[in-house]
Amino acid sequence: MISRRKKSFFPGAKAIFLLFLILAAGATLVVASRVSNLMKPNIGPNDTNFPQSNRPIQPSGPNPCSYVPGPGHCKAPSDASSSIQHDSQCSEDLLVHSVFILPWYQNPHKGNPVESDLRRFSVEFNLPGISMASTMLSLTSATPSASLSMQEILKGKARLGSGTGSTLFNKEKGNPFIKEKSFGRISMTVAVNASCFEGIAMAPPDPILGVSEAFRADTDAKKLNLGVGAYRTEELQPYVLDVVNKVSKLYLSNWYIAERLMLERSENKEYLPIEGLAAFNKVTAELLFGADNPVINQQRVATVQGLSGTGSLRLAAALIERYFPGAQVMISSPTWGNHKNIFNDARVPWSEYRYYDPKTVGLDFEGMISDIKAAPDGSFIVLHGCAHNPTGIDPTPEQWEKIADVIQEKNHIPFFDVAYQGFASGSLDEDASSVRLFAARGMELLVAQSYSKNLGLYAERIGAINVVCSSADAAARVKSQLKRIARPMYSNPPVHGARIVANVVGDPALFNEWKAEMEMMAGRIKNVRQKLFDSLSAKDKSGKDWSFILKQIGMFSFTGLNKTQSDNMTNKWHVYMTKDGRISLAGLSLAKCEYLADAIMDSYHNVS
Amino acid sequence: MWKSFLTRTSRCFSTSTSNIKTLKWWDHVAPAPKDPITSVTEAFLADTSPTKINLGVGAYRDDEGKPVVLQCVREAEAKITGCDFLESVSSAVSSKLVEESVKLVYGKNSDVIKEGRFAGVQALSGTGACRLFAEFQRRFYPESRIYLPDPTWSNHHNIWRDALVPERTFHYYHPDSKGLNFAALLDDVKSAPDGSFFLLHPCAHNPTGVDPTEEQWREISYHFKVKNHFPFFDMAYQGFATGDLDRDAQSIRIFVEDGHLIGCAQSFAKNMGLYGHRVGCLNVLCNDAKQAVAIKSQLQQIAQAMYSSPPVHGILLVSAILSDPDLKALWMKEVKVMANRIQSLRTTLQESLEQLGSSLNWEHITNQVGMFCFSGLTPEQVDRLLREFHIYMTLDGRMSMAGVTTGNVSYLANAIHEVTKFG
């Protein structure tokens, strides 16, 4: 399949150029068909035999804008009007012309080229991978609703990347600038269109970061930002931990005083190994499992430094996609919004298990257990190690035991996201107890870690992925594969945050200082939580039980407010929060608890 | 596979107390092949010989073979301490960085910048920038391929493969002349389907060190225009080819002059020595500012699910250097010093080989530019260099000239002469 797309490079000579193109079309066919022989796919220094290479190669045809039929696929055009129309949005840009030659086999459904291509191949060659290819296409969008079934694609309903708003092949809009002419058996469309990226629409804004933008734009003195999950002091200022300051200064002095020494300790700016800073990887696994945990002693943990929680989750998601094709990932409903994006982009199918019960504003334990039981054997169950985001609702130790029972029984693999270790209870060990409970049962598990919150290293992007395996040998193999996933993603991780963590945890004095600071941060949040509960209980005479606020843990509280109530919080009270009713208690001070309680009371009782 | 795997394991899970021996979740995971470049470093580190030389990794070294932290980076480091750098990168800092980086590519007075016709995002150095583009390419041109030069940096293959973009190669290097195979390159450009994506190294081609001349770039650009190909530039070594940042970006500016829309990945790993800080930038030229906003949002969304946001420390360093005229001038001077040191060692190495009476032609050592010299040594010769002389390089014969010093150049010349004189 050959595609033709021309951009006029001498704007004055469009007509001549078009004529030339038409005459040359036949000749080009011959030339182009030679291409495939001349340019064989080269697997030169690839050396790396990726499993992907076993995947059916996608039908070729680089430019989805247009197709010229290859030899052997010729059919007379059944419907000359079934042309690909381009989005009219940018048609005012008359600078450059593009020429499209349409396929002869254009199907009467007016499907976009990708659809018709997929379909043609599935019909003519019956490729087993074609449904996978369509899934792949559908997953190019970040929103789950954009996942399309093959049937939908075949019906021609699907639009590529509909979730991201792609209008590359928008068929609904007519384009007044498109003229069509039929030259014998070739139908040609001349579109006044400009760049390769004309069809690309804005990606939707992030729901959490959007809250901060609205907050900044608000000028009211009483405004309160409870949207973003980043720690604030009682004065609501960002907080740099003392230990981090100390370590950073240590580095600065190194520049001047002990420069040579630093270079000898290879503390320079050279590349880290793909798996990250060895000293960091050691301490991060020990922090998670406990230094004397058998999984550490037996070297059964594959630890690779990641770009905070997101980057670590993505590495694991890619590992699942590569080694457990078709395996399902179960995420809690609700969960951190980016979980869905991560698994979508890694092309890992996911579904949700029940977690939050709006009636009790607590855990729907029955629903959770039955959904995990109902998942196909060998699913990956994403669990929040502590301080569930966004609800702040954690299972009790007894419930964790039951969850572990079910997961073991179903041969599932637990996949922990630990973003708040030490931040929830103030104790690193207590917050890791869920993970350690699973590890103590001898289960294999995945654990993603982040140091954004507990060390305040948000923008340093420091975290890790740990895979607990049944043997040291398996751990070594898994680690090598994680490295192979990281290499084409970012080569090697950033060094600065890793050194800070390694130095804080590696130095007993700093480590103790950090623990004290963490207790202080967790303590502040607990105080605010208590004060908010007290204020609400004192003000509310309706008998409503607000004790769920005290039962929740960590940075967030799920208020149970619905979207209209949340809107009221923002519009009337200048309290900024995500629309699912989540508030970040880190953004709240004791002094503002009364005000927030008034706002919640008003929204809860007066808005439905 | 999944099914049989399950039945295999499901027999043994039922025991209530765990027996770790029965868990086989990862048994089908085989060890990944080692990366050809990083494995060279690992072997080098394990070598105890006092005369060992590492010509494997493309990282700059001073004349004592030591890693270098640039003076401008030290000053920037001092400048940024104390600022509140640990929360998410403020959008002001990041857009400043992107703007300054883009100026390095297109020139500070370029229309592209005045009109805001670029979608620029920070990326995790060159690899991250290439990966973002590869994902972007697959998302909006799901049927397209990428044409890579033969040879190219080995990780390029991995990047586009992991992004599920099929690859092709085009002719680039001529083993006989150890120079550019220009005719074959043009043939491949002409015979590729119209509207193909091509990856080009704008300067200091990795691994060969062979760059097209200005006239050749113009011709390549012309044929790209005729064929409506999309040029994607991976600029990892700006400044290392000629010592001049503008001259090294000339190839890209020729394409822009000719009205191409292009993509460009930038890395500050080499030219600022910020290897471990992962600072880079990806920019895509657009028709207008409106399109630029849309494309930028898409690139950010791809990054959001990969690592959320880039690490801040390196970004602060780079933007401190680029936005301070004094530091920037200092940086440009230091880039020149680095490029010159490499250039002078090329000359010394070539002369040494000639003085040793080598009957072979070594002119390509000085004809090639940048950090690497594609020596033309065979894998057998590379292996002899390793075993007999403790000299480490990748099997394709790529030597990182940064690893050569005035102290070891004659040892190296002698070793190369020894392994090539009967070949």
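First the proteins, then the strands, lettered A, B, ... as listed; each starts at 1. The figures here come from the full heavy-atom set of this structure, side chains too, leaving out hydrogens, waters and symmetry mates.
- For B/Gln137, the side chain to side chain contact (heavy atoms under 4.5 Å, CB included) partners two or more places apart in sequence, or in a different chain, are B/Phe133, B/Ser144, B/Ile146, B/Trp160, B/Val165, B/Phe197.
- Within the 3.5 Å criterion, the main-chain N or O of A/Pro493 finds no donor-acceptor partner in the side chain of B/Arg278.
- Looking at B/Ser309 and A/Arg461, their side chains come closer than 4.5 Å, going by heavy atoms from C-beta outward.
- Between A/Ser491 and the choices B/Ile159, B/Leu124, B/Asn155, the side-chain contact (heavy atoms from CB on, under 4.5 Å) rule is met once, by B/Asn155.
- Contact of B/Ser125 with chain A is not made at all, since no heavy-atom distance falls under 4.5 Å.
- In this structure, B/Tyr275 and A/Tyr271 have perpendicular ring planes: the angle between them is above 60°, well past the 30° mark.
- When the side chain to side chain contact (heavy atoms under 4.5 Å, CB included) test is applied to A/Pro376, the partners found at least two apart in sequence or on another chain are A/Gln328, A/Ser379.
- B/Gln304 CD to A/Asp345 CG: the interatomic distance, rounded to the nearest 0.5 Å, is 10.0 Å.
- Between the NE2 atom of B/His277 and the CG atom of A/Leu272 there is a distance of 9.0 Å, given to the nearest 0.5 Å.
- Between the side chain of B/Asp162 and the backbone N or O of A/Met489, no donor-acceptor pair lies under 3.5 Å.
- Judged by distance alone, the side chain of B/Asn158 and the main-chain N or O of A/Arg487 form no donor-acceptor pair under 3.5 Å.
- Distance CG/A/Leu307 to OG/B/Ser308: 9.5 Å, rounded to 0.5 Å.
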